[in-house]
J.: 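Encoded as structure tokens, here's the structure I'll be asking about.
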Protein chains: 2
Amino acid sequence: MIKHLVIVGVGLIGGSFALDLKRQGLVERVTGIGRSRANLETALQLGVIDVIGRNLASAAANADLIMLAVPVGAMPAVFTELAPVLPPNCIVTDAGSTKQDVIAAARAGLGERVAQFVPGHPIAGAETNGAAAARIGLYVDKPLILTPLPENRAADVRLVESLWGACGARLARMEALLHDQVFAAVSHLPHLLAFALMDELASRPHAEIYFRYAGAGLRDATRIAGSHPEMWRDITLANREPLLDELDAMVEKLKSVRELVATRDGAALEEVFARARQARESWLQGKFNE
Amino acid sequence: MIKHLVIVGVGLIGGSFALDLKRQGLVERVTGIGRSRANLETALQLGVIDVIGRNLASAAANADLIMLAVPVGAMPAVFTELAPVLPPNCIVTDAGSTKQDVIAAARAGLGERVAQFVPGHPIAGAETNGAAAARIGLYVDKPLILTPLPENRAADVRLVESLWGACGARLARMEALLHDQVFAAVSHLPHLLAFALMDELASRPHAEIYFRYAGAGLRDATRIAGSHPEMWRDITLANREPLLDELDAMVEKLKSVRELVATRDGAALEEVFARARQARESWLQGKFNE
């Protein structure tokens with residue numbers, strides 16, 4: 001039971017976390033902190049939070065758990081602000097999409113008290129945002145990854161894990177480096193591809209003709225290009241090194257496909273397509289979850 | 001009213017066309033022709049066709065309209081087979097995803113009688129296929145593009161158009177070259193990106209870890225990588241030149257995004273993402289349909 005939960009950044013991710021814990025009676029009081037007063041008012045009206053915090057320092061002073069659900073680029077400033085006011089028994093956790101850089105920011109900002117920070121990442125992004133998007137059950141069957149620090153108390157890690165477990169998440173732990181490499185590949189690269197494809201088409205002189213005839217294929221392929229630009233700027237910069245590797249790999253892959261098209265190598269093209277289709281089917285059938 | 005419609009390739013596209021016309025009483029009898037006996041039996045059982053044709057020659061002999069809904073790579077052989085048996089008043093049309101190459105195949109196969117061929121492309125692909133996927137209403141509000149030939153009789157073009165109109169399609173006409181360029185951009189490139197991304201990830205040594213944590217973003221972004229490999233091999237080769245231009249443009253675009261990541265140019269990245277998101281919203285709100 002958490003007496004006082006502080007959510008920094010009350011959007012889809014932070015808001016849904018609060019809603020689930022409140023509904024289950026696992027938290028007594030939720031204070032919301034954020035940049036947008038209008039968004040916090042919405043959160044209050046929707047019952048996502050109980051109180052709008054005046055500022056992080058005052059809210060943190062008597063917090064038991066602080067969830068940082070701000071864009072990863074905003075994390076360093078939050079840790080710096082948090083350092084002088086963080087109560088000794090308060091646990092801090094986050095929902096950032098990258099982990100190495102958030103951990104580095106926590107170490108820089110919190111110093112020795114980084115032991116109180118349990119890094120996490122719920123895999124439940126969507127292209128909606130703001131407190132109005134928060135909903136009960138968002139995390140059911142979604143992966144939740146913790147990348148605990150050597151300094152963390154085992155009990156703190158277990159507590160954070162138990163809260164996510166109560167939200168219905170599938171729990172996992174891994175190294176921050178592996179986490180960042182995996183998500184550069186399966187999330188950040190696909191987002192950049194979708195943004196790049198959409199911007200490329202939209203920048204053409206006769207873009208309106210293109211879009212008039214574009215169908216469901218392009219719509220679904222670029223759904224994630226509807227994601228929040230600032231948030232994805234931050235993720236992209238935060239996970240720069242693994243993402244550069246992924247972009248290089250994708251450029252090489254496209255060049256190799258181009259070569260097959262240029263040389264009219266139908267058999268090899270069909271192999272690429274068939275392998276891709278098969279891998280996708282295996283994935284969606286859950287063959288990689290065992 | 002079409003007395004005898006012959007569908008060559010009774011899958012999602014050809015089958016749904018037949019279903020809609022039959023339901024509206026616009027066709028009296030439908031003969032299905034195809035490679036797979038099992039698929040034709042399914043089509044017969046589902047009422048998609050009335051008769052399984054013995055072969056194209058015998059079915060075509062007393063046909064009023066022949067719809068070619070086979071992979072574009074199979075078109076040349078079909079036109080060659082059709083040439084000696086095509087009745088003088090029979091109209092041939094197609095549903096191929098590329099138009100310049102199908103027209104070239106029609107000219108090569110049919111000679112002067114290419115005047116009877118009205119090239120078309122319904123924009124209603126899906127990653128399902130076979131007669132079992134056929135359904136009434138597939139074409140409602142979907143674009144249907146005709147790329148008529150100078151040799152076509154105006155009345156034939158109007159007849160084909162009226163049948164698609166009866167299926168609920170949004171009718172358009174354009175030059176075959178423009179058609180192929182537009183679809184290289186909005187359909188064929190996105191398919192190749194999805195296939196390439198999926199194959200790239202699946203080919204990694206620890207692919208299972210990647211897919212274990214991949215979420216809805218990758219799933220939707222690669223939905224079209226579930227498309228039929230043989231069909232997409234054909235489309236890719238058929239629309240080779242425009243597609244090579246698109247692949248080159250996309251590689252350049254990815255390299256420019258990579259440069260922004262490498263130089264940590266957050267402002268420029270955010271601009272790319274914001275433009276992409278804005279273009280997508282405008283498109284989905286129908287701003288390009290006016």
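Every chain is numbered from 1, with letters handed out A, B, ... down the list of sequences. Quick caveat, the model's predicted, so the values are computed rather than measured.
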J.: A:Ile209 versus chain B, heavy atoms under 4.5 Å apart: side chain, backbone, both or neither?
T.: both
J.: Can you find a heavy atom in the side chain of B:Thr236 that is under 4.5 Å from one in the side chain of A:Leu260?
T.: no
J.: I'd like to verify something: which residue of B:Ala268, B:Ala202, B:Ala267, B:Gly217 has the highest number of heavy-atom pairs under 4.5 Å with chain A?
T.: B:Gly217
J.: Shortest non-hydrogen contact from A:Ala196 to B:Val257?
T.: CB-CG2, 4.3 Å
J.: Roughly how far, to the nearest 0.5 Å, is the CZ atom of A:Arg264 from the CZ atom of B:Arg240?
T.: 3.5 Å
J.: Mind checking whether B:Met198 and A:Arg277 have side chains closer than 4.5 Å, heavy atoms only?
T.: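 Of all side-chain heavy-atom pairs linking A:Arg277 with B:Met198, none is under 4.5 Å.
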J.: Using a cut-off of under 4.5 Å on heavy-atom pairs, state which of B:Leu178, B:Leu197, B:Leu189 scores highest against chain A.
T.: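 Highest number of pairs under 4.5 Å: B:Leu197.
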J.: Top residue by heavy-atom pair count (under 4.5 Å) with chain A, among B:Arg275, B:His206, B:His191?
T.: B:Arg275
J.: Looking at A:Glu246 and B:Arg204, is any side-chain nitrogen of the basic one under 4.0 Å from a carboxylate oxygen of the acidic one?
T.: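 Judged by the 4.0 Å cut-off on N to carboxylate O distance, B:Arg204 and A:Glu246 do form a salt bridge.
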J.: Under a 4.5 Å cutoff for heavy-atom pairs, which residue among A:Ala185, A:Gly73, A:Ala207 has the most contacts with chain B?
T.: A:Ala185
J.: Might you point out which heavy atoms bring B:Phe211 and A:Trp283 nearest each other, and give the distance in Å?
T.: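 Heavy-atom minimum between the residues: O-NE1, 3.2 Å.
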J.: Looking only at heavy atoms, which two atoms of A:Ile145 and B:Tyr213 are closest? And how far apart?
T.: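 Distance-wise, the nearest heavy atoms are CD1-CD2, 3.5 Å.
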J.: In Å and rounded to the nearest 0.5 Å, what is the CG to CD distance from B:Leu247 to A:Glu259?
T.: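 Answer rounded to 0.5 Å: 11.5 Å.
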J.: How would you list all residue pairs meeting side chain to side chain donor-acceptor pair (under 3.5 Å) that involve residues 172-182 of chain A, not counting sequence neighbours?
T.: A:Gln100-A:Asp180, A:His121-A:His179, A:Glu161-A:Arg173
J.: Among A:Asp265, A:Leu269, A:Leu193, A:Asp234, which residue forms the greatest number of heavy-atom pairs with chain B at distances under 4.5 Å?
T.: A:Leu193
J.: Taking every heavy-atom pair that is under 4.5 Å apart, which of B:Pro190, B:Ala279, B:Ala214 has the most such pairs with chain A?
T.: B:Ala214
J.: Could you tell me how the ring of B:Phe273 sits relative to the ring of A:Phe195: parallel (under 30°), tilted (30 to 60°) or perpendicular (over 60°)?
T.: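 Because their plane-to-plane angle is under 30°, the rings of B:Phe273 and A:Phe195 count as parallel.
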J.: How many angstroms lie between atom CZ of A:Arg212 and atom CD1 of B:Ile123, to the nearest 0.5 angstrom?
T.: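 So the gap between those two atoms works out to 13.0 Å.
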J.: Any donor-acceptor pair under 3.5 Å linking the side chain of B:Arg280 with the backbone of A:Arg219?
T.: yes
J.: Could you have a look at B:Pro229, B:Ala194, B:Pro143 and say which one has the most heavy-atom pairs with chain A under 4.5 angstrom?
T.: B:Pro229
J.: Below 4.5 Å, heavy-atom pairs only: which of B:Leu218, B:Val186, B:Asp199 has the largest tally toward chain A?
T.: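 So the answer, after comparing B:Leu218, B:Val186, B:Asp199, is B:Asp199.
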J.: Using the side-chain contact (heavy atoms from CB on, under 4.5 Å) rule, take B:Met250 and A:Leu254 through it: C-alpha gap first, then chi angles, then the decisive distance, then the call.
T.: CA-CA 9 Å; B:Met250 193 65 197; A:Leu254 283 181; 4.3 Å; yes
